[in-house]
Asks: 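Please find one structure pasted underneath; my questions will follow.
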Amino acid sequence: MGNLPILQFEEKILETVDQNPVVVVIGETGSGKSTQLSQILHRSGYTKAGAIAVTQPRRVAAVSVSRRVAQELDVRLGDEVGYAIRFEDRTSERTCIKYLTDGVLLRESLSDPELKQYSVIILDEAHERSLNTDILMGLMKRLIRLRASNLKVLITSATLDGEKVSKFFSDCPILNVPGKLFPVEISYTSEQPKSYIDSSLRKAIDIHVNEPEGDILIFMTGQDDIEKLVSKLEEKIQSLEVGSCMDALVLPLHGSLPPEMQVRVFSPPPPNCRRFIVATNIAETSLTVDGVVYVIDSGYVKQRQYNPSTGMYSLDVVQISRVQANQRAGRAGRTRPGKCYRLYPLVVYHDNLLEATVPEIQRSSLAGSVLYLKSLDLPDIDILKFDFLDPPSLESLQDALKQLFLIDAIDENGTITRIGKTMAELPLEPSLARTLIEANEYDCLTLALTVASMLSVEGTLLPGRSKSTDKKRKHPPSDLPDGSGWGDHIQLLQIYELWDQTDYSIDWCKDNNLQVRGMLFAKDVRKQLSQIMQKIAKGSLDVKRKERRRERQHDYMNLRMSLCVGYASQLAERMIRHNGYRTLGFKSQLVQVHPSSVLRTDDEGMLPNYVVYHELISTSRPFMRNVCEVEMQWVTPILQKLEKLNVNKLSGGSNQPIENKEENSNITKKEGNDVGPCDDPNSRIQAARDRFLARKANK
DNA sequence: GAGCACTGC
């Protein structure tokens, strides 16, 4: 620690912080900024007036960095130095250096908008541009005006683009701290390869045969690519002449790998053996693999993006940004000089790649963030004019406002309602928060809490699409409940309830092919949600498990009604003659029930007339994922509400919405399945109503 | 009848 580059700048840092409310610190990997900045400020007395908060985008980082700082200061973790992440608060009254995830700091500012307990707030790793960090930066800009005399804000970033952040904070000073990376020699291909899998394969074998020892890290886009490349590599290595080169070990590395497989990359390789680590971008920032000397960069990444005009998510393979390319290259130079092979030409790097990755705030649905900002009740802030470092599109903000209106979180003037305030307290997406509140009214909160918790997990069911079990096609080998035909939400509920009856047995999860991590996470979420719901209602809430009722169907109905209210903008109506659906949102889409759904058909093979869905995802086709049957008489009032909707009023009354600052051209918008002639919302709603009446008459 | 990158309150 003694020779961390940042310590040579201690005086300069203190002087700059002393004279400025905001300072940007640029420090590459290994500069020590995450562990040292807080200590430097602590030493010079900033903690006398309040604590120092250091935010991290990831939980593991908050924990591990705070642990190291506690060690360096020789204090017990949780005393002077502590951390706070979801489900875990290891701080005390003595804590004066506190590491937390950016999401936790946002939660804290909900109950204390001025964050008075802190004298210094450090937003670390701001270059990653997480949704929460971006919102925090906007809030900090306002906070330093309010607390000019007693708050210091530091923004740290690993890339050289400090200019932009500095400009955002009224041209605040930028300090540069060198890092400790070794040089990385970068090479390019002369042409864009036809297949980056084959190209990676050739390059990896070439390195293995011709280059000195050192592990190879290969960046792929997803599990599929990784599995293909791993088997091709193994095959190729087998065919190499024995003794012609050193041993080899091929290791896949991606998020859905079970933990015991993931940690394999941390155990040192056997002697005289080269490791091939084939990874997603999990190895870009989240996990650091020691021993890597060679990096092969496919130039692609899988990215999830939200299209506000269709309400649809898609998961696309896109080109990485130059910042990302450099981050990947840097992974080769952590322990000694390395080499990075980019599988694309230099001109592509210069001319085709974006300078920086499109920030998350421009790729996500903003309903939750907008509700959060509204609930802060900042008198001087208009949501459409909120000062973002990179503003989201007007369309995206208006999409969020419309969603919030439909679920009663804001009124027709865009003002937050009491329900909306309550929703913001819940660490859930707004639709689920609304469902809980409604469920409380219908006396089925227990069930809704479970469904909300299960939906907060992704990939709970059958994590490995095991090709081996493919033989038994129709019914996957499991005795898990099927949702009684109502749909996926009910199935999730039933699964959790069964697990609950086994006293949360890990073996039970394994026996049933359920992801243990996911189930445990759901349990934590459920506990947290129950506590918050109890606090909010200050009274007796139906959060405890009641004795089993015989009237399960009645419970399910109440639950489905609650979901219908919570997901008012995510309802769909089946077509007359087939099992395709048309969404009933602002813009009608033709969609299908995802084949993994347990939704049941009737005697004539037809799916329910109306459903609620958790998410629209466009893969090979647009699908509704997690679907549940609802009744048409629940849907009608919502359609009527849709009719009343006036975006301009929602946006704050102005008839002329402000110009969108910058068209977000980085995201190629997928044309959804626009239903076409019914583009005018009013005529569409009229049409939906006519169909509704026709159905009713038919009954 | 398809398949999911990574985070996080």
Side-chain angles (χ1 to χ4, degrees), chain A residues 55-62 84-89 100-111 125 128-136 219-227 253-257 262 279-287 298 300-305 313-318 320 324 357 359-360 363-364 368-369 371-372 375 423-430 432-433 452-453 456-467 470 473-474 476 515 518 521 524-525 528-529 532 579 592-597 599 601 615 617-625:
Chain A
T55 68
Q56 295 290 327
R58 277 173 295 282
R59 297 160 55 95
V60 274
I85 58 178
R86 189 179 188 180
F87 310 133
E88 207 184 345
D89 184 349
L100 27 62
T101 46
D102 44 22
V104 168
L105 189 63
L106 276 179
R107 285 280 142 200
E108 287 187 357
S109 78
L110 208 50
S111 50
E125 315 287 358
E128 288 189 25
R129 304 297 306 277
S130 78
L131 179 58
N132 288 337
T133 301
D134 268 21
I135 291 171
L136 279 171
F219 283 103
M220 288 283 118
T221 62
Q223 188 176 347
D224 255 18
D225 289 354
I226 290 175
E227 281 166 9
L253 180 61
H254 53 82
S256 40
L257 221 52
Q262 277 190 17
T280 58
N281 51 336
I282 195 172
E284 215 173 271
T285 48
S286 306
L287 294 180
S298 64
Y300 291 96
V301 68
K302 215 174 260 185
Q303 238 178 28
R304 184 178 153 100
Q305 17 221 16
Y313 281 97
S314 58
L315 200 60
D316 307 319
V317 173
V318 298
I320 58 172
Q324 239 175 325
T357 311
E360 204 184 342
R363 289 188 282 120
S364 318
S369 303
L371 178 63
Y372 170 81
S375 78
M423 287 165 59
E425 301 271 325
L426 291 159
L428 285 173
E429 48 192 277
L432 278 176
S453 309
S456 301
V457 186
E458 273 188 57
T460 321
L461 288 167
L462 309 166
R465 331 142 280 172
S466 39
K467 287 233 165 104
D470 245 15
R473 268 230 142 141
K474 270 270 153 91
Q515 214 183 66
F521 181 75
D524 281 339
V525 173
Q528 187 190 28
L529 293 177
I532 297 173
N579 278 334
Q592 287 188 324
V593 174
H594 197 277
S596 65
S597 175
L599 197 66
T601 53
E615 176 177 70
I617 176 103
S618 169
T619 46
S620 58
R621 276 188 273 176
F623 288 112
M624 300 182 281
R625 270 186 38 200

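A, B, ... follow the sequence lines: proteins, then strands. Residue 1 opens every chain.
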Asks: With respect to the side chain of A:P595, which nucleotide from B:dA5, B:dG8, B:dG1 is positioned closest?
Replies: B:dG1

Asks: Looking at B:dG3, I'd like to know if its phosphate oxygens (OP1 or OP2) sit under 4.0 Å from a side-chain N or O belonging to A:T619.
Replies: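 Answer is yes, contact under 4.0 Å.
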
Asks: Is there a side-chain polar atom (N or O) of A:R621 under 4.0 Å from OP1 or OP2 of B:dA2?
Replies: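 So the side chain of A:R621 is within the cut-off, an N or O lying under 4.0 Å from OP1 or OP2 of B:dA2.
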
Asks: Mind checking whether A:R86 and A:D524 have side chains closer than 4.5 Å, heavy atoms only?
Replies: no

Asks: At 4.0 Å (heavy atoms only), tell me whether A:I85 reaches a base, stays on the sugar-phosphate, or touches nothing.
Replies: sugar-phosphate

Asks: Picking from B:dG3, B:dC9, B:dA5, which would you name as closest to the side chain of A:P427?
Replies: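 For the A:P427 side chain, the nearest candidate turns out to be B:dC9.
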
Asks: Between B:dT7, B:dG3, B:dC9, which nucleotide has the shortest distance from any of its atoms to the side chain of A:R107?
Replies: B:dC9

Asks: Give a yes/no on whether any side-chain N or O of A:T285 is located under 4.0 angstrom from OP1 or OP2 of B:dC6.
Replies: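 So the side-chain polar atoms of A:T285 never come under 4.0 Å of the phosphate oxygens OP1 or OP2 of B:dC6.
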
Asks: Let me know the distance between CG of A:L428 and P of B:dC9, rounded to the nearest Å.
Replies: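 It works out to 13 Å between those atoms.
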
Asks: Regarding A:S596, tell me which of base, sugar-phosphate or nothing describes its non-hydrogen contacts under 4.0 Å with the strands shown.
Replies: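 No contact.
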
Asks: Starting at atom CG of A:D225, determine the distance to atom C1' of B:dA5, rounded to an integer number of angstrom.
Replies: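 In whole Å, B:dA5 C1' and A:D225 CG are 11 Å from each other.
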
Asks: Does a nitrogen or oxygen in the side chain of A:S620 sit under 4.0 Å from OP1 or OP2 of B:dG3?
Replies: yes

Asks: Closest to the A:T101 side chain: B:dC9, B:dC6, B:dG3?
Replies: B:dC9

Asks: In whole Å, what is the span from the CD1 atom of A:I617 to the P atom of B:dA5?
Replies: 11 Å

Asks: Between A:E284 (CD) and B:dC6 (C1'), how many Å, whole number?
Replies: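 Atom-to-atom, A:E284 to B:dC6, this comes out as 10 Å.
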
Asks: A side-chain contact here means heavy atoms from C-beta on lying under 4.5 Å apart; do A:E429 and A:E615 qualify?
Replies: no

Asks: Report yes if at least one side-chain N or O of A:Q303 is closer than 4.0 Å to OP1 or OP2 of B:dC6; otherwise report no.
Replies: no

Asks: Say whether A:N132 and A:S130, considering side chains only, have a donor N or O and an acceptor N or O under 3.5 Å apart.
Replies: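 No, no side-chain donor-acceptor contact under 3.5 Å.
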
Asks: Which whole-number value in Å describes the distance from A:M220 CE to B:dC4 P?
Replies: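 Atom CE in A:M220 sits about 17 Å away from atom P in B:dC4.
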
Asks: For a quick test of reading the model: is some side-chain N or O of A:S130 closer than 4.0 Å to OP1 or OP2 of B:dT7?
Replies: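 Looking at the OP1 and OP2 atoms of B:dT7, neither is under 4.0 Å from any side-chain N or O of A:S130.
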
Asks: Are OP1 or OP2 of B:dC9 and a side-chain N or O of A:R59 less than 4.0 angstrom apart?
Replies: yes

Asks: What is the distance, rounded to the nearest whole Å, between atom OH of A:Y372 and atom P of B:dG8?
Replies: 18 Å

Asks: Please report, rounded to the nearest Å, how far the P atom of B:dA5 is from the CZ atom of A:R304.
Replies: 12 Å

Asks: Quick one: label A:R58 by what it contacts on the DNA or RNA (base, sugar-phosphate, nothing), any heavy atom closer than 4.0 Å.
Replies: sugar-phosphate

Asks: Rounded to whole Å, how long is the line connecting atom CZ of A:F521 with atom P of B:dC9?
Replies: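 My rounded result for the distance is 8 Å.
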
Asks: With sequence neighbours left out, what residues match A:E425 under side-chain hydrogen bond (donor to acceptor under 3.5 Å, both in side chains)?
Replies: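 By the side-chain hydrogen bond (donor to acceptor under 3.5 Å, both in side chains) rule, A:E425 matches no residue at all.
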
Asks: A:V301 near the nucleic acid: base, sugar-phosphate alone, or nothing, with a heavy-atom cut-off under 4.0 Å?
Replies: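 If one applies the 4.0 Å heavy-atom cut-off, A:V301 turns out to touch nothing in the nucleic acid.
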
Asks: Could you pick out which residue, A:G222 or A:E429, lies toward the 5' side of DNA chain B when each is mapped onto its nearest nucleotide?
Replies: A:G222

Asks: Looking at A:V301, A:T221, A:I226, A:D225, which one forms a side-chain contact (heavy atoms from CB on, under 4.5 Å) with A:T280?
Replies: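 Output: one option passes, namely A:I226.
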
Asks: Taking any heavy-atom pair under 4.0 Å as a contact, classify A:L106: base, sugar-phosphate, or nothing.
Replies: nothing

Asks: Does any part of the side chain of A:P427, heavy atoms only, come nearer than 4.5 Å to the side chain of A:I532, both counted from C-beta?
Replies: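 Answer yes - side chains close enough.
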
Asks: Which nucleotide wins on minimum distance to the side chain of A:I282, given the candidates B:dG1, B:dT7, B:dC4?
Replies: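 Selected nucleotide: B:dT7.
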
